[in-house]
Amino acid sequence: MPNMKHFLERGRNALGRVFVRSTVYVVVLLLAFTTLVACFGYFSQVWKIEERLAENARNHAVLVSRIAAREIENKNYANVEKLLDALGDEALVVAAKAYTRFGHVFASDLDSRTNGALQAIDEDVLDAIQGQTTLTRETDAFHQFVLPVYRDGIGVGAVEITMSKQEIQDLKREIVIQTLILAGTLFFVFVPLATFLMYRSTHGISRVTEAANEAAQGFLDTKMKVDTVGEVGELQEAFRQMAVNFRNNIQRVEYLAHVDGVTGLPNRLKFSNVAAQLIDLSPKAEGGMIFIDLDRFKAINDMHGHVIGDRLLALVAERLSDLVKAFVDERFQCKPFIARFTGDEFIVVLPGVADPEALKELSDLIVTKIRMPFSIDHLKLMVRASVGVALYPQDGKSADDVLRCADMAMFTAKDAGRDQTIIFDESIRQKADEREKIERCLRTALDHDELTVFYQPKVDIETGQIMGSEALLRWEHPDLGSVPPWKFIPLAEECGLMPSIGEFVLRQSLEDMNVVRKQGFDLSVAVNVAPIQFQSDSFTDRTLGILGESGFPLDKLELEITESSIMEDPQRVYRQIVPIRDEGVEFAIDDFGTGYSSLNTLATMPFDTLKIDRSFVMNMAESEDRRVIVQLILMMAQQLRMKTVAEGIETRGQYDHLKAWGANFAQGYLWSPPVPFAAFKAMVRAGLDDIDVDAPDERSDKRRA
């Protein structure tokens, strides 16, 4: 059975070849055609022979009946036998007989008389005589014709002529021999010749088929040669060119799918595949991953356009690749993998490099080298980087875990001031978990009424009386407790929650201040506007809508904008605040002195108040430079006819200096920390007649977040 299966399998494989199938088809068709022709010739000739035999038998019988009619009637046997003997000498006449009118044979040819006894009565002949009809009888070897004999219209007997069919047998034998000769010629001469010719004309198709099967299995590097002329050769050439183009296209698609088009580095998809092989599929492997993020790269795109930004990314990638490879080649026997992860983020994987000090040294080198200027046309551009480092397998068992750790370390570097390297540790993971929990809870804080507005009194520095307040957001969560603003406000900005939270603070503060005003206190209120709120085109319209609904006197409202947010896009800020200022609302520059604003910005932007950042006020006693800066700010504000607010006053000495230098308003722990609205109302009703200056250090411990 195995041999039979093997034989059948080889037969199927052979029939799969084009030239074999073509040859078989041609041979079968020729055999069928030859057989058809032979059969047609045979039956055609047999029909003619039989027709001739029947005609000869009839003619002989008619001749005998005419000549021997009288002898038959007179029973002149001798003369009839002579005639039948003469007729029996013919080649195809087997027998010749004469019958009486009663169906008795009374005469026959010599061979019939010698070989057999005379039949007494032939019933068929008797019926033919009586019925006056001819009788034809036929076997495989003979053809008999019986003709009644008449004399003066009266039947006197019958004549029988038997013709041999030997000629037909000879013809059949001859046709069989011819067919065998033709079949032998076909198999031994034509089949090999046809097979050869078919192979010569179709073997190119077989090669194309083999190449197509290889291509279907993914082997596109075909070495097929064009070795056939005509259409098959054209087919070979077309398929070969198609395979080459297809291979090139696949290579191009693979390149586009795995290579970043801007930097030429592997892209995120390629990084995922390589990192999985290096970490996930190699449990015992160790190494390091460096996550690099360019600081404030968006500003370069905004200022110079994305074309310049892309060229800068390409230069950063080139510099990064060169310094990493040089560092690794000098110290380690490994092949670093460098990829562009997203827009301005790069990742370096160093398999086998698990020394934290070496990774820290390389990361610090990256920070230092990227800080150096890049030349693009006539521009000298500078960019900085924050870098996070994670090690595997100690920080993560999978590539995703290691990447997440490196990413958390990078964000820690950004939070710590940017332009530095942080190596991942568990404290970072804990902070990230806390951050995630805070973010999750913050998303429902408004719906659960967990956010409240506190108020810090703003004091007229000449009279010491409360003239207004600053509204400050606070969050009290059932599980997290009191979450400081410096923890949740940046998260609210990142999550896109700040616009709705900012509108809540504005509505609530206007509502609370209306309550105070109805009690007879003409107070103003200052509300902070987050930088991200200005990114919305609907900021102006929504703010005006809230102000219109509140019924609060708009000249008593002051919106505070940080100096840094103004400098990010001064023109946008200008377009958005002018319609609000036209309604009577005043605007203040918050945290002045920290955002590097220009004098031209101060002179052209429609601001009414400068708020001196608390960092300058708090350190005046220890730093002569800080005192000078505060004096200069106050002098500049006076020249620009702008009001000033000094934040963070905690001691009587600070108060006295600021009053002497001409500050208009002040706020700080010297009077009160931010307090709930109920406490603020009580404070307003009681007034601030006395300033407690006996415990400044204690107040310093209560500084606002």
Side-chain angles (χ1 to χ4, degrees), residues 259-268 271 287-332 334-350 353 355-391 403 406-424 564 567-568 594-598:
V259 177
D260 175 58
V262 174
T263 63
L265 294 175
N267 61 12
R268 184 171 183 171
F271 161 76
M289 183 180 295
I290 301 175
F291 198 116
I292 303 156
D293 182 88
L294 303 182
D295 296 331
R296 297 188 176 92
F297 183 78
K298 182 178 181 297
I300 294 177
N301 276 336
D302 294 341
M303 184 176 299
H304 301 287
H306 287 276
V307 174
I308 295 297
D310 288 347
R311 292 176 63 182
L312 178 59
L313 285 174
L315 292 176
V316 170
E318 182 180 357
R319 182 178 295 179
L320 177 64
S321 299
D322 290 343
L323 70 91
V324 169
K325 291 176 181 177
F327 183 89
V328 172
D329 290 345
E330 182 179 348
R331 303 190 182 193
F332 304 100
C334 74
K335 185 177 181 181
F337 178 79
I338 307 170
R340 182 189 179 192
F341 191 66
T342 58
D344 58 355
E345 296 176 339
F346 299 86
I347 292 182
V348 179
V349 181
L350 298 167
V353 182
D355 181 6
E357 294 184 0
L359 293 171
K360 181 69 164 60
E361 183 179 353
L362 174 58
S363 300
D364 290 340
L365 180 63
I366 291 173
V367 171
T368 301
K369 293 295 184 181
I370 288 182
R371 192 186 299 149
M372 298 172 64
F374 292 89
S375 297
I376 301 178
D377 297 336
H378 62 283
L379 299 173
K380 291 286 187 180
L381 300 178
M382 294 185 65
V383 66
R384 300 179 186 275
S386 298
V387 179
V389 180
L391 288 80
L403 175 63
D407 191 23
M408 287 189 286
M410 182 272 295
F411 272 108
T412 303
K414 282 187 175 295
D415 292 340
R418 306 175 188 267
D419 193 31
Q420 59 183 295
T421 297
I422 296 293
I423 296 181
F424 178 82
S564 58
M567 294 309 300
E568 286 183 3
T594 61
Y596 307 103
S597 58
S598 65

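These values consider heavy atoms only, across backbone and side chains, with no hydrogens, waters or symmetry-generated copies. Everything numeric here is computed off the predicted structure, so don't read it as measured data.
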What residues, two or more places apart in sequence or in another chain, satisfy ring-ring contact (aromatic ring centres under 6.0 Å, His included) together with F424? none

Mind checking ring-ring contact (aromatic ring centres under 6.0 Å, His included) for F291 and listing every partner two or more places apart, or none if nothing turns up? F341

Atom pair [atom1] ([X]) and [atom2] ([Y]), whose distance is rounded to the nearest 0.5 Å:
X    : Y    : atom1 : atom2 : value
F297 : D302 : CZ    : CG    : 10.5 Å
D355 : L362 : CG    : CG    : 11.5 Å
M303 : K298 : CE    : NZ    : 11.0 Å

Of all heavy-atom pairs linking A390 and A406, the shortest is CB-N, 3.6 Å

Minimum heavy-atom distance between S386 and A413, given as atom pair plus value: CB-CB, 4.1 Å

Taking R319 for the side chain and F374 for the main chain, is one N or O donor matched with an acceptor at less than 3.5 Å? no

With the threshold set at 4.0 Å, does a side-chain nitrogen-carboxylate oxygen contact exist between D377 and R311? yes

Pairwise side-chain contact, [X] with [Y], heavy-atom cut-off 4.5 Å (strictly under):
X    : Y    : answer
L313 : F346 : yes
V328 : V353 : no
V324 : F327 : no
L381 : I308 : yes
I290 : L350 : yes

If you look only at pairs with a residue in residues 409-420, which of them pass as a side-chain hydrogen bond (donor to acceptor under 3.5 Å, both in side chains), with sequence neighbours excluded? D293-K414, D295-K414, R371-D419, R384-D419

Could you check D260, T263, N267 and say which one makes a side-chain hydrogen bond (donor to acceptor under 3.5 Å, both in side chains) with R340? D260

Only one of L403, L265, I292 clears side-chain contact (heavy atoms from CB on, under 4.5 Å) with I347; which? L403

Give the C-alpha distance, both sets of side-chain angles, the deciding distance and a yes or no for side chain to side chain contact (heavy atoms under 4.5 Å, CB included) between I366 and T421. CA-CA 9 Å; I366 291 173; T421 297; over 6 Å; no

Kindly indicate, with the supporting measurements, whether the criterion side chain to side chain contact (heavy atoms under 4.5 Å, CB included) is fulfilled by I422 and F411. CA-CA 9 Å; I422 296 293; F411 272 108; over 6 Å; no

